[in-house]
Every structure is written in structure tokens, then in C-alpha cells.
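These values consider heavy atoms only, across backbone and side chains, with no hydrogens, waters or symmetry-generated copies. To find a chain, count down the sequence lines: A is the first, B the second, and so on, and within it residues start at 1. Note that the coordinates shown come from a computational prediction; the quantities given were computed from them, not determined experimentally.
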2 protein chains.
Amino acid sequence: MRDSKPVHNETHLGRIPLFDDLPGEEIQQLAKVSKTLVLEKCGTLFRTGETCPGLHVVMYGQVKVAFSSTQGSEKVVDILQAGQSFGEAELLLDEPYRAHAQALGDTLVLQIAKTAILDLIARNPGFAHKLLNGMSRRLHDLMVDLEGYTLHTGAARVLTFLLREASAQEPCNESAVVRLSAPKGVIASRLNLSPEYFSRTLHHLSEQGYFAIHGRDIHIDSVSRLQLSLA
Amino acid sequence: MRDSKPVHNETHLGRIPLFDDLPGEEIQQLAKVSKTLVLEKCGTLFRTGETCPGLHVVMYGQVKVAFSSTQGSEKVVDILQAGQSFGEAELLLDEPYRAHAQALGDTLVLQIAKTAILDLIARNPGFAHKLLNGMSRRLHDLMVDLEGYTLHTGAARVLTFLLREASAQEPCNESAVVRLSAPKGVIASRLNLSPEYFSRTLHHLSEQGYFAIHGRDIHIDSVSRLQLSLA
DNA sequence: GTATTGACTTGATCCAGATCAAGCCAGGCT
DNA sequence: AGCCTGGCTTGATCTGGATCAAGTCAATAC
């Protein structure tokens, strides 16, 4: 993890959904108070228990956020893609992180100083509203996850995951090729399954004819058939 | 579930944490656009799939929020106490509820019109900030729950629950009597356990000498001993 | 007082998914 | 080439917690 000077971050920041209707001078101000973090594969962004130095925004690459148990096992909570921000709740509450975050590949993250964010909230109602929407989205997604973990089976979670990926990667197509954006073990943990059971479930479902597995590519013939199997 | 005219809601609203530093005229405005809902035991506040008519605030009583599976079983997500609000995320996103809500006893709930809340966010940065803090808190609590569900055992969840209740009901005491605020079955579901297993675990832990069970009262001799057993 | 209902307990059995243990295979080393 | 190393699969076994099935014990209703 190395720091570098904030060169040309304005242009990048301006494209992030959270900031994209902020006036130019605000963006410049943000860029001035943010640090650029370059992470290589497995590089740590933050650890459990650390206090939150600012808002993290993934510029490119992927970051996995996970809990770690005392026995060394870990549970992936989220896989952040480029454009996503993280740590709003901890920032606003001044609570230490419950989870740790690690880059899944070469990744670039901006860290925006806390005061700048608080400032924006106080001065710019539009920004506050956008932040509220972002947190609502996260809260909502977390509820969906929770529902899955507590009252759906492993297979159902796998199917829902594939369907969501399919509609994100190839919207409104009857057939789709879903490319798993992370190692299967990471996806498994994200779905709260052991790698072994995830593999078995995936192969079992493919034997039922729901899709074909080619490495990290899942070929789905009939998206609507998957949908039906969940109802 | 009956509606009644908004009588004297101002005084009640002004005491809710979310609104307690709003000027009097704003409170009056809120009271004017809010509906009073009187629920008796098991009365439904909202159902899964309904769209959100406004922000719900529990004035007194208790409301359980739960997912229901197709097979009739349900999973309690949260038990709302007096003073708590619910539905911010769904309100802001215009998404239908993922869960349903039911009164656990005689309960009074205020329902504040969506437009009034949006207005306040736009006009009053302090309110927006407070709302952000509230949602951060909920997001954070959900992460804690998720951590418990995914990497702690049933017994550990029971102990953590009792400890949290103890410190809420009798802060900083070495011994405490925790009164379960809802039927054991509801608490069990909140901890993602079957009623049977919750009962067993509770009795098993009491046999280990962690506490004594007297109906809904749990007598804890040594709070610090429970804390130790979790580390 | 007796039935009824709802909240809880207790025991027996079952199962989804974890864990343990090999083995496999592709890609990056030297 | 040969050798790791890490990601994935596959099989055998185990277990936390669910489910099914009776009770027990209030508290309310009749």
C-alpha cells in the first residue's frame, strides 16, 4: 500500500455516481483532500478494529470486504467494484470497522478526508440526499442478503446470485454468459457457503440442465427457467 | 388498524430523538401531515410488497419486523421499541417493503408523509445529518447481526444478546436481571434459532451456571463472566 | 371448577451444509 | 523440461441446529 500525490483525481472523481453532479470547484476541493491508494493483489485497505480515516472510493479494480473469525476463517460481506464507495456508516458514527478490506487484484482507491464529507453534507442538501440514497440502497441490499441467508437454501442463493449477475452483465437477454468476477472461493463465502459446497451445488445445478460451467464462465441457456425455479 | 385525527402529536413527536432539535413550527407541520395508527396485538402495520406510504415512528408499544417464507415460517429482523423509526430506506428508494411488520402488543405508530420528510432533508441540513446518523447506526447494527449469523454459533448469539440487553437495561452492573421484552419464540427468531433450540440453549447455558431462568427474567450473577466466555 | 388456548419445554430423529482428506489441473517459476 | 503453488473438484464423514411429536404449565374463558 503506497500513497501518491493527488494527480488528476478531479476527472476520476467527477465520474463517480456519488459526486457526478457536484460543481467543478467542489470536486477540486475533494481531490485536494483525498489520498490515492495503490493496492496490489491481496493488499490490505483496512483491518478490523481500525478507525475510519475517510470515505473510500474504488476507482478501478476490486475490493473484498470480509469478517474474520478468531479461528482464521473469513466471511465475505461484499465485493466492491469500481465506482463504489465504502465506509459511510463508520465514518459518520466514528465507529471502528467491523470488517477488513483487501484488494482482489491491482486496485486504485481514493480516500476522501472525513471533514470534507461532513462539510459537503452541511453545505449541499443535494449531496446529503444522494448520500442518503446510497445508504438506503446498501441497507436494502443488506436486507436482501439477510433474507437469503436466513430463509433460503444454498442452491437458491446460488441461483439468485447468477440471475442478478446475468441481468447486470447482459440485461434482458434470454440467454447469457455470466463471468464470475472473483475466484469461486470468494463468491462462495459471499453466498455464505463453503468452497466445497458451492462447487458441488454449482455442478449439481448444471447437471439439472440449468446452465453449463466453463471455468469461471457460466453459460445460461434460459434465464427465465432459472427465474421460474425460484418461484 | 384504525386511523384517528392527529391530536397532540406535536408533543410526542418533539420527544423522538430524530426530531428533538427541530423548531416548533416544523414539528407542527410534521404533526399536521402525519397519521396516527392504533394497533392492537398482532395488528399489521404493513405487509411484504406494499409500497411505503411514509416514515413510521413507534410512539409506544413494540413492533416486530419479519420476513416470511413461502412455507409460512418467518424470520424476525428487528423488534422496534418506542422512539424508533422505520422505513427510511424504502421511503427514499421508493422500493416496496421486503418484510412485514406486526404489533407485539397494543401499539401506537405515527406515519409521517413522505413529502414532509423529503422537504426537511432539502431545507434542513441538520435534519439530513441526523437521518444519516440514524441510517448509519442501522447499517452498522445490521453488520453486527450478519457477523453473528454467519460466524457465531447459536449459543454465542444468545450470550451476546443477553449481554447487550443487560448493558441496556442495567448499565455497568456486575449482576443484572434481564427481562425479555418479547415472547421467547420471537427472540429466538430474532437470533435466527428455532424456538426449541433457543429453549435448549438457554437451559443448557443456565446449567453451566451462566445465569438462572425465571420465566422471562434472566438473572445474571456475573456479567463479566459472560463477557469472558465470548472471547 | 373445567375446558381451551398459547407459550414453553423435552425428547427423538433428521438433514443441509461443514469439515477433513485426497486428488486434479493450469499457469507461473527456474 | 520439471516443479511448485493456488484454485478447484470429489468423496467420506460429521454436526449444529431444524423438525416432528409429545408433553407441561400457566392464564384466560366458559
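A:His203 has its NE2 atom 8 Å from the C1' atom of D:dC8, to the nearest Å. Rounded to whole Å, atom P of D:dG7 lies 11 Å from atom CG of A:Leu104. Rounded to whole Å, atom P of C:dC8 lies 15 Å from atom CZ of B:Arg200. As a whole-Å value, the separation of B:Lys41 NZ from C:dT5 C1' is 11 Å. The CG atom of A:Leu202 sits 14 Å away from the C1' atom of D:dT10 (whole-angstrom rounding). The separation between B:Ile218 atom CD1 and C:dC8 atom P is 11 Å, rounded to whole Å. Rounded to whole Å, the distance from NE2 on A:His204 to C1' on D:dT10 is 15 Å. Whole-Å rounding puts the B:Glu196 CD to C:dT9 P distance at 11 Å.
Dense packing is recorded around CZ of B:Arg137, with more than 12 heavy atoms of other residues, nucleotides or ligands lying under 6.0 Å away. Around atom CZ of B:Arg47, no more than 12 heavy atoms belonging to other residues, nucleotides or ligands sit under 6.0 Å away. For B:Asn173, the CG atom counts as densely surrounded, since its 6.0 Å shell holds more than 12 non-hydrogen atoms of other residues, nucleotides or ligands. Other residues, nucleotides and ligands contribute over 12 non-hydrogen atoms within 6.0 Å of the NE2 atom of A:His219.
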Derivation of the side chain to side chain donor-acceptor pair (under 3.5 Å) call for A:Glu174 and A:Ser224: CA-CA 7 Å; A:Glu174 175 55 5; A:Ser224 53; 2.8 Å; yes

A:Arg190 and A:Arg157: CA distance, side-chain angles, deciding distance, side-chain contact (heavy atoms from CB on, under 4.5 Å) verdict: CA-CA 10 Å; A:Arg190 170 73 246 261; A:Arg157 266 172 281 153; over 6 Å; no

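Taking A:Phe67 as the reference, nothing meets the ring pair (Phe, Tyr, Trp, His ring centres under 6.0 Å) condition, with sequence neighbours excluded. Not counting sequence neighbours, the partners of B:Arg179 by the salt bridge (charged side-chain N to carboxylate O under 4.0 Å, His left out) test are B:Asp217.
Taking a 4.0 Å limit (strictly below) on heavy-atom distances, residues 66-81 of chain B does not reach DNA chain D anywhere. Using a 4.0 Å cut-off on heavy atoms, none of the residues of residues 146-158 of chain A approach DNA chain D. Heavy-atom distances under 4.0 Å link DNA chain D to A:Pro183, A:Lys184, A:Gly185 of residues 183-194 of chain A, given in residue order.
Taking the six-membered ring for Trp, B:Tyr149 and A:Tyr149 have ring centres at least 6.0 Å apart.
Between the side chain of A:Ser199 and the backbone N or O of A:Pro195, no donor-acceptor pair lies under 3.5 Å. Using modelled atom types, one side-chain atom of A:Glu170 and one backbone atom of A:Val177 make a donor-acceptor pair closer than 3.5 Å.
A donor-acceptor contact closer than 3.5 angstrom is absent between the side chains of A:His203 and A:Glu207. With no hydrogens or angles considered, no side-chain donor-acceptor pair links B:Gln62 and B:Thr107 at under 3.5 Å.
Residue B:Tyr197 places its side chain closer to D:dG16 than to any other of C:dC20, C:dG17, D:dG16.
Taking CD of B:Glu165 as the start and OG of B:Ser181 as the end, the distance is 5.5 Å to the nearest 0.5 Å.
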Collect all protein-nucleotide pairs involving nucleotides 26-30 of chain C in which both atoms are nitrogen or oxygen and the distance is under 3.5 Å.
none

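In terms of phosphate contacts, B:Arg216 brings no side-chain nitrogen or oxygen within less than 4.0 Å of OP1 or OP2 of C:dA7.
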